[in-house]
Protein chains: 2
Amino acid sequence: MNSKLDEEFERVCRDKGLRLTGPRRVILNVLTKATDHPDAIEVHRRASLIDPGIAIATVYRTVRLLEDSGILESHAFGDGRTRYEPADREHHDHLINIETGDVIEFRSDEIERLQEEIARAHGFEIVSHRFEIFVKPLKTGKRKKESRSKR
Amino acid sequence: MNSKLDEEFERVCRDKGLRLTGPRRVILNVLTKATDHPDAIEVHRRASLIDPGIAIATVYRTVRLLEDSGILESHAFGDGRTRYEPADREHHDHLINIETGDVIEFRSDEIERLQEEIARAHGFEIVSHRFEIFVKPLKTGKRKKESRSKR
DNA sequence: TTAATTGCAAACAATTTGCCTGTTA
DNA sequence: TAACAGGCAAATTGTTTGCAATTAA
């Protein structure tokens, strides 16, 4: 499953003369099937369940490789650890409910457009961005039913 | 100058039974007159020019204190170091030039409004947010003249 | 075969902490 | 002077790197 990323990785490896090794397959697999934003230690923990011999150093080397290849996206949520997610999903931003810690993904084309405009006005093009809104429930009124994901 | 923050800090100290010491004054001063986003090491460097005896550990303890008191805001721009800026300025977001590390502040009322709308649509009110756009210079076209601040 | 890759441990960089002395209220 | 702070160095944490052994192509 998620063969799109696997194929992508194979292509990248061929292009760069890199080897498609066991550890790399395992780590890529862990990441493509993650629905959250695991950090390196968590990736290592999950990879170790599949192949206990994988070293944390290999995880770091591999995520860097995957990120450089555009297969992975990394996020610094501000707690000191770098978190990763597959880059093949549609871009989204995050609403974080500070009372529960829940993360709600959202997307606003208008905001996407505006930031594009702002960057261009300053003579830049956007490489990436991060938009996190920390919220709490409105005291009045009802919250829209929402599927939310943990970090 | 910037007595607003100094007063604020004095008030906080009184309220919490904390002492207004030499090192704390120096570090607060360095931060209130900073127009950029220095990290702890840079704050320490600047503080050392005023009082060479200040230890980096004191910088870390003091910025944490200041942040907990709402006098300072911290940002994790993604290069592993935490950066600080006084919390008394008008809210703004950041464009980060990934090639040079320069940080450009911007403000978009429209984005402010949109995020308000998004939060409300989900049944939340905004507590705070963080919006960082990582950019690189446009290959073509000229960049708008811009006063930019080093990180 | 052989250059890329890995595991391991040591190295690093940013930040935190323990401890004992110095200082502020 | 008594509790709070600071200096210093050691400890932690997350991440990177050197190197000899291993492995994919």
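Just the heavy atoms: all of them, side chains too, but no hydrogens, waters or symmetry mates, feed the values below. Residue numbers start from 1 in every chain, and the chains themselves are labelled A, B, ... in the order their sequence lines are given, proteins ahead of strands. Small disclaimer: the values here were computed from a predicted structure and weren't measured.
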Report the residues that fulfil salt bridge (charged side-chain N to carboxylate O under 4.0 Å, His left out) with B/Glu117, sequence neighbours left out, ordered by chain and then residue number.
B/Arg113

Spacing between B/Asp39 atom CG and C/dT15 atom P, to the nearest angstrom
7 Å

With A/Phe124 as reference, evaluate B/Asn97, B/Ile96, B/Leu138, B/Ile133 under the side chain to side chain contact (heavy atoms under 4.5 Å, CB included) test and give the passing residue.
B/Asn97

Starting at atom CZ of A/Arg64, determine the distance to atom P of C/dT5, rounded to an integer number of angstrom.
13 Å

Results of side chain to side chain contact (heavy atoms under 4.5 Å, CB included) for A/Ser108 - residues two or more places apart only:
A/Glu110, A/Ile111, B/Ile118

Looking only at heavy atoms, the pair that brings B/Ala40 and B/Val59 closest together is O-CG1, 3.7 Å

For the student: nearest non-hydrogen atoms of B/Cys13 and B/Leu20, plus distance
SG-CD1, 3.9 Å

Tell me which residues in residues 10-28 of chain A lie within less than 4.0 Å of DNA chain D, going by non-hydrogen atoms.
A/Arg19, A/Leu20

With a strict under 4.0 Å distance from non-hydrogen atoms of chain A, what nucleotide opens and what nucleotide closes the contacted stretch of DNA chain D, reading 5' to 3'?
D/dG14 to D/dA25

Residues which pass ring-ring contact (aromatic ring centres under 6.0 Å, His included) with A/Phe131, listed by chain and number, not counting sequence neighbours
B/His129, B/Phe131

Closest non-hydrogen atom pair, B/Glu67 against B/Tyr84:
OE1-CE2, 4.4 Å

Which residue pairs pass the salt bridge (Lys or Arg N to Asp or Glu O under 4.0 Å) test with at least one member in residues 12-26 of chain B, sequence neighbours excluded?
B/Arg11-B/Asp15

Any residue in residues 52-63 of chain A with a heavy atom nearer than 4.0 angstrom to DNA chain D? Just list them by number, or reply none.
A/Ala57, A/Tyr60, A/Arg61

Identify the heavy atoms of A/Thr58 and A/Ile27 that sit nearest to each other, and give their distance.
O-CD1, 3.9 Å

Between CG of A/Asp51 and P of C/dT5 the distance, given in whole Å, is 17 Å

Set of residues satisfying side chain to side chain contact (heavy atoms under 4.5 Å, CB included) with respect to A/Glu85, sequence neighbours excluded:
A/His37, A/Glu73, A/His75, A/Arg89, A/His92

Bend angle of the helix from C/dT1-D/dA25 to C/dA25-D/dT1 from five-pair axes at both ends, rounded to 10°?
30°

Which residues satisfy the side chain to side chain contact (heavy atoms under 4.5 Å, CB included) test with A/Arg46, sequence neighbours excluded?
A/Val30, A/Ala34, A/Asp36, A/Pro38, A/Glu42

Residue pairs involving residues 92-101 of chain B (criterion salt bridge (Lys or Arg N to Asp or Glu O under 4.0 Å); sequence neighbours excluded)
none

Can a side chain N or O of B/Thr82 be found less than 4.0 Å away from OP1 or OP2 on C/dT15?
yes

For A/Arg64, all residues meeting side chain to side chain donor-acceptor pair (under 3.5 Å), sequence neighbours excluded:
none

